[in-house]
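Down below is the structure, laid out as structure tokens.
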Protein chains: 2
Amino acid sequence: MTTDKTWAPLFERLRTTTGAGQEDLQALAALPIALRHYGENQAVLRDGEQPSDCCLIVDGFCVRSKTIADGKRQILSIHIPGDLPNLQNLHYATVDHDLVALSDCTLAFIGHKALKDLIAQRPGVGNMFWRDTLVDAAISREWIVNVGQRSTTSRLAHLIVELRERLRLAGRVIDDMFALPLTQEQLGEAMGVTSVHTNRILRDLRIAGVLELQRGTVRILNEHKLQELAQFDGRYLHLSPSS
Amino acid sequence: MTTDKTWAPLFERLRTTTGAGQEDLQALAALPIALRHYGENQAVLRDGEQPSDCCLIVDGFCVRSKTIADGKRQILSIHIPGDLPNLQNLHYATVDHDLVALSDCTLAFIGHKALKDLIAQRPGVGNMFWRDTLVDAAISREWIVNVGQRSTTSRLAHLIVELRERLRLAGRVIDDMFALPLTQEQLGEAMGVTSVHTNRILRDLRIAGVLELQRGTVRILNEHKLQELAQFDGRYLHLSPSS
DNA sequence: GCCCCGACTTAACATTTGTTGGGTGCGCCG
DNA sequence: CGGCGCACCCAACAAATGTTAAGTCGGGGC
């Protein structure tokens with residue numbers, strides 16, 4: 001079933017993180033959706049738009065970003081299959097950042113009206129989604145810590161460990177490798193440093209035998225050193241329904 | 001009425017930002033609450049706790065913060081009267097950061113159970129609060145931009161302009177002055193720089209005649225220069241129900 | 001198969017920010 | 001009323017990060 005593949009990563013996540021009920025998920029899967037494909041660097045949503053749908057990432061990676069007056073860009077979050085990066089537009093009209101496809105992406109669009117009707121009918125669905133947006137917020141707060149306080153090296157390590165954790169939930173980690181389709185410039189924009197500096201840090205990590213990043217794929221070489229750098233405490237991901 | 005004073009800043013904000021209905025607000029005001037006072041630097045919530053109430057800031061300032069392994073602290077958000085800084089615990093049990101009173105504070109505690117019952121009964125209340133947490137998240141995203149991309153000077157200007165905007169909603173700005181009861185060290189922790197550097201920036205701004213910060217009070221000296229530095233675009237605050 | 005473009009890589013130098021350590025002033029407590 | 005502690009303030013130096021400018025590499029289009 002196409003539908004199965006479409007909803008699978010989201011349902012997987014909701015089941016493990018919220019203990020979602022089968023009925024709520026079935027009701028969700030019954031919603032009408034529109035699939036669309038996006039290519040590398042294509043904008044899905046632009047700052048200022050007022051979308052009438054929420055989108056679900058079925059496959060591929062997207063990022064939220066903001067560009068300030070002098071042209072500098074900050075990446076705010078990285079989104080992977082199963083994420084709903086603009087649920088917030090259920091409650092306010094205007095997007096306040098860009099949403100850009102990093103790689104070839106498949107997105108499923110779900111109309112606000114259908115979603116709101118379903119939530120009115122099944123409060124459990126609303127609670128699941130509200131929770132989802134709250135975890136999204138918790139991830140943003142950790143992102144602030146990352147950019148504000150950690151050394152650039154730890155920052156990159158933390159970003160990588162968090163993403164791996166989230167990708168694992170979506171079944172997208174194989175052994176010690178996973179996709180990270182950001183250029184060094186984009187990684188820099190995520191960390192608040194320049195691409196030149198990102199390159200320095202990556203070289204250091206490579207030489208230190210911690211990890212390698214080649215053609216959009218990360219390979220962890222030394223898990224222990226990586227953990228030591230990242231000091232990752234995943235409680236903010238609230239992976240279990242009771243946490 | 002005590003109750004009036006307690007709910008006033010929240011209701012004020014909800015009315016202008018969400019167009020909240022009178023009935024929903026009355027139902028809220030009927031909830032049982034417990035008022036508690038906190039002193040400077042006193043923890044309201046600690047990382048790891050599982051609170052059974054949500055709190056409303058009635059008076060005073062609080063900050064969310066996280067401390068990392070090496071002892072460095074990042075301030076994640078500044079909260080003012082009318083804010084509900086831990087609504088997220090309605091949907092997950094564990095607090096993943098600290099909440100600390102910056103100054104003498106009055107907080108109103110509302111039990112999760114009472115709040116959930118009310119939301120089940122009146123979906124409009126749930127929608128209001130969901131929206132509130134989404135704006136909170138939008139503020140966190142802008143905070144990432146601030147820490148990641150703006151020069152320290154612009155960063156401070158932006159923080160000040162944002163806070164002034166939010167304080168205005170709560171009726172807490174008088175002429176060109178308002179309270180900012182953070183020490184230079186705390187301001188630094190909010191911006192991701194050291195207290196020494198914060199001091200440098202404040203001196204520069206004072207010498208340039210942009211603003212003064214004395215004993216927890218900001219005075220704007222040159223609105224035009226301030227705006228030029230801050231490049232503030234308040235759309236992310238979603239101040240009107242239709243935005 | 002060649003060329004061209006974008007990503008990566010690096011070095012030298014400039015600028016920003018952190019560190020250290022020492023001062024000043026004010027409010028609070030004994 | 002005196003001193004003690006904390007915030008503020010500042011300068012000299014150290015370290016991290018940005019800027020600029022070149023050169024390498026590899027994959028896709030002609």
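Given the structure is predicted, the values throughout are model-derived calculations rather than measurements. Letters go in sequence order (proteins before strands), and every chain restarts at 1.
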Any donor-acceptor N/O pair, A:Asp98 side chain to A:Asp47 backbone, under 3.5 Å: yes
More than 12 heavy atoms of other groups within 6.0 Å of A:Arg36 CZ: no
Heavy atoms of other groups near B:Glu49 CD, more than 12 under 6.0 Å: yes
Value in whole Å for how far the [atom2] atom of [N] lies from [atom1] of [X]:
X: A:Asp204; N: D:dA16; atom1: CG; atom2: C1'; answer: 12 Å
X: B:Asp70; N: C:dT19; atom1: CG; atom2: P; answer: 10 Å
X: B:Lys72; N: C:dT17; atom1: NZ; atom2: P; answer: 15 Å
X: A:Leu102; N: C:dA7; atom1: CG; atom2: P; answer: 12 Å
X: A:Gln149; N: C:dT17; atom1: CD; atom2: P; answer: 14 Å
X: A:Glu212; N: C:dC8; atom1: CD; atom2: P; answer: 14 Å
X: B:His197; N: D:dA16; atom1: NE2; atom2: P; answer: 16 Å

Touch class at under 4.0 angstrom, heavy-atom based, for A:Ser195 against every strand present: nothing
Touch class at under 4.0 angstrom, heavy-atom based, for A:Gly188 against every strand present: nothing
Non-neighbouring partners of A:Arg150 that pass side chain to side chain donor-acceptor pair (under 3.5 Å), sequence neighbours left out: A:Glu142, A:Asn146, A:His158
Mutual orientation of the aromatic rings belonging to B:Trp7 and B:Phe11 [parallel < 30°, tilted 30-60°, perpendicular > 60°]: parallel
Shorter than 3.5 Å, N or O on both sides, protein versus nucleotides 5-15 of chain D: list them out with atom names.
{"unit_1": "D:dC8", "atom_1": "OP2", "unit_2": "B:Gln184", "atom_2": "N", "d": "2.7"}
{"unit_1": "D:dC9", "atom_1": "OP2", "unit_2": "B:Gln184", "atom_2": "NE2", "d": "2.5"}
{"unit_1": "D:dC9", "atom_1": "OP2", "unit_2": "B:Asn199", "atom_2": "ND2", "d": "3.3"}
{"unit_1": "D:dC10", "atom_1": "OP2", "unit_2": "B:Arg203", "atom_2": "NE", "d": "3.1"}

Smallest separation among heavy atoms of A:Gly39 and A:Ala101, with atom names: O-CB, 3.6 Å
Proximity to the side chain of B:Thr152 - top-ranked nucleotide from D:dG18, C:dT17, D:dT17: C:dT17
